[in-house]
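One structure below.
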Amino acid sequence: MLSGLPARIAVTALAVTGLLAAAPSAQTAPRVPAAVSATAADPSSSGVTVKMPAAVADRLGTDRKALVDAVTADVLSRARDTGGLAPATAAGRLAAEGRKVVVDVRSASRDWARGVAYVEASRARHGAPEGWLYLAHRENGRWVSGLEGDREFAAHVAGSPLVGAAERRSMTAYAERAAAPRTPEAHGAQVSPAVAQANTNGLLLPWMPDHYMTLTGGPHAHDSATGHWSALDFAGGNASGLVRSSREGTATSMCGAGGGWTRVIHPGGFSTDYYHMRNATYYNGTAISRSALLGSIGTDTCAGGSATGPHVHWSLRTYDANYNGQYTWLNGRTIGGWTWWNGSGQYSGCGTRLGVTACPGTALYNRTG
């Protein structure tokens with residue numbers, strides 16, 4: 001757990017039924033690096049909050065402004081509420097809503113940098129933020145950034161020294177999905193439960209197998225507003241409130257140390273998000289096993305949104321050549337042994353398994369088959 005790890009300080013930019021025989025092996029979370037002290041002199045994009053370890057800031061020097069500018073421009077062009085707007089206009093609109101753009105530069109080596117960037121969700125309603133892992137490469141004197149799901153990201157994963165071998169294996173399949181030709185799935189076509197199970201590669205629900213939690217929200221949009229209904233909410237049960245990874249992969253704490261938002265990239269082209277956790281373990285591109293401990297159900301809103309009670313907001317993500325976004329449909333897919341179906345409205349959908357239907361308010365076991 002994270003309780004003993006130091007917090008990182010943001011630099012606010014002022015310029016531009018049966019138990020398993022054994023639990024999964026424990027993971028060693030990476031040490032959280034020392035942080036840059038808050039300063040008003042750090043050069044970066046207007047309206048952007050920058051997080052950066054002191055050693056990385058020293059390594060980049062004044063070139064960090066160009067890096068942050070490049071990542072920020074990509075983020076604002078991809079964000080659902082600011083696409084098509086000039087960066088200054090986009091950042092101003094978000095600031096007027098009390099929402100931050102955060103660029104977290106976590107490592108740098110020669111002409112490479114990597115980190116996390118996100119746009120906060122509105123804190124006026126229940127929703128979730130948009131965020132991306134990014135890799136950036138300095139080419140001919142300028143930074144070229146790539147966010148998850150675009151072609152630059154796929155290319156950078158293949159060549160960046162900041163991506164480890166195990167991480168590259170998971171991320172390559174994930175990134176290449178963005179550049180793949182269109183498939184029937186990309187058009188939202190529904191498939192049989194058997195095919196859906198295969199398509200999700202046996203993903204589990206976000207707690208220990210053969211334990212139960214209560215479904216508190218059926219399929220709904222990740223931000224509770226628009227897009228594919230990709231998210232489920234869970235609370236309670238006999239899993240001690242512990243949130244665990246749906247499958248093995250590489251995990252990243254999107255908000256940094258102390259934040260309750262984690263993303264796990266799984267082999268085969270899917271990833272999963274976990275939000276509102278407390279006591280979250282800090283991960284930074286860390287290889288983890290299936291059912292690795294991520295945190296506990298909570299009400300954390302480190303990147304905006306709101307939570308009326310402790311729960312985990314779990315979302316399924318992927319990229320298709322025809323899909324302009326980062327979250328994908330749940331309808332007809334099988335997760336944790338349950339096939340999920342949309343309801344007449346967001347949050348009202350249910351899961352089915354072996355003739356049993358579980359709608360919101362129902363406790364359901366997490367099954368491996």
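Counting from 1, the numbers follow the sequence of the chain as shown.
Note that the NE2 atom of H228 and the CG atom of N342 stand 10.5 Å from one another [nearest 0.5 Å]. One finds the CG atom of N366 at 14.0 Å from the OH atom of Y212 (value rounded to the nearest 0.5 Å). The distance from the NE2 atom of H222 to the CG atom of L232 is 12.5 Å, given to the nearest 0.5 Å.
Of the N and O atoms on the side chains of W341 and T352, at least one donor lies less than 3.5 Å from an acceptor on the other residue. Judged by distance alone, the side chains of T252 and R263 never bring a donor and an acceptor atom under 3.5 Å apart. A donor-acceptor contact closer than 3.5 angstrom is absent between the side chains of D69 and W143. Using modelled atom types, one finds a donor on one side chain and an acceptor on the other under 3.5 Å when comparing S246 with W314. Between the side chains of T339 and T334, at least one donor-acceptor pair of N or O atoms lies under 3.5 Å. Between T272 and H266, the side chains place a donor N or O and an acceptor N or O closer than 3.5 Å (distance only, hydrogens not considered). Checked by atom type, the side-chain pair R123/T301 shows a donor-acceptor distance below 3.5 Å.
Every side chain to side chain contact (heavy atoms under 4.5 Å, CB included) that A231 has, sequence neighbours left out, goes to H220, H313, S315. Checked against salt bridge (Lys or Arg N to Asp or Glu O under 4.0 Å), R353 has no partners two or more places apart in sequence or in another chain. Residues passing the salt bridge (Lys or Arg N to Asp or Glu O under 4.0 Å) test with D58: none are found, sequence neighbours excluded.
No side-chain heavy atom of Y347 sits less than 4.5 Å from a side-chain heavy atom of P360. Counting heavy atoms from C-beta on, the side chains of E148 and L133 come closer than 4.5 Å.
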If you look only at distance, which donor and acceptor atoms sit under 3.5 Å apart when one is on a side chain in residues 89-98 and the other is two or more places apart or in another chain?
{"from": "E97", "atom 1": "OE1", "to": "R99", "atom 2": "NH1", "distance (Å)": "2.8"}

(message) Walk me through whether R78 and D74 qualify under salt bridge (Lys or Arg N to Asp or Glu O under 4.0 Å).
(response) CA-CA 6 Å; R78 287 277 296 276; D74 272 2; over 6 Å; no

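Taking 4.0 Å as the cut-off between side-chain N and carboxylate O, K51 and D104 do not count as a salt-bridged pair.
Within the structure, the ring pair (Phe, Tyr, Trp, His ring centres under 6.0 Å) test picks out the following pairs touching residues 91-123 (sequence neighbours left out): W112-H137, W112-H156, Y118-W261. For residues 337-369, the pairs satisfying disulfide bond (SG atoms under 2.5 Å apart) are C350-C359, with sequence neighbours left out.
Under the 4.5 Å side-chain contact rule for hydrophobic residues, L204 and Y283 do not share a cluster.
Under the 3.5 Å distance criterion, the side-chain polar atoms of R59 are matched with a main-chain donor or acceptor of A108.
Considering L242, T262, T299 as possible partners of M277, the one that fulfils the side chain to side chain contact (heavy atoms under 4.5 Å, CB included) test is T262.
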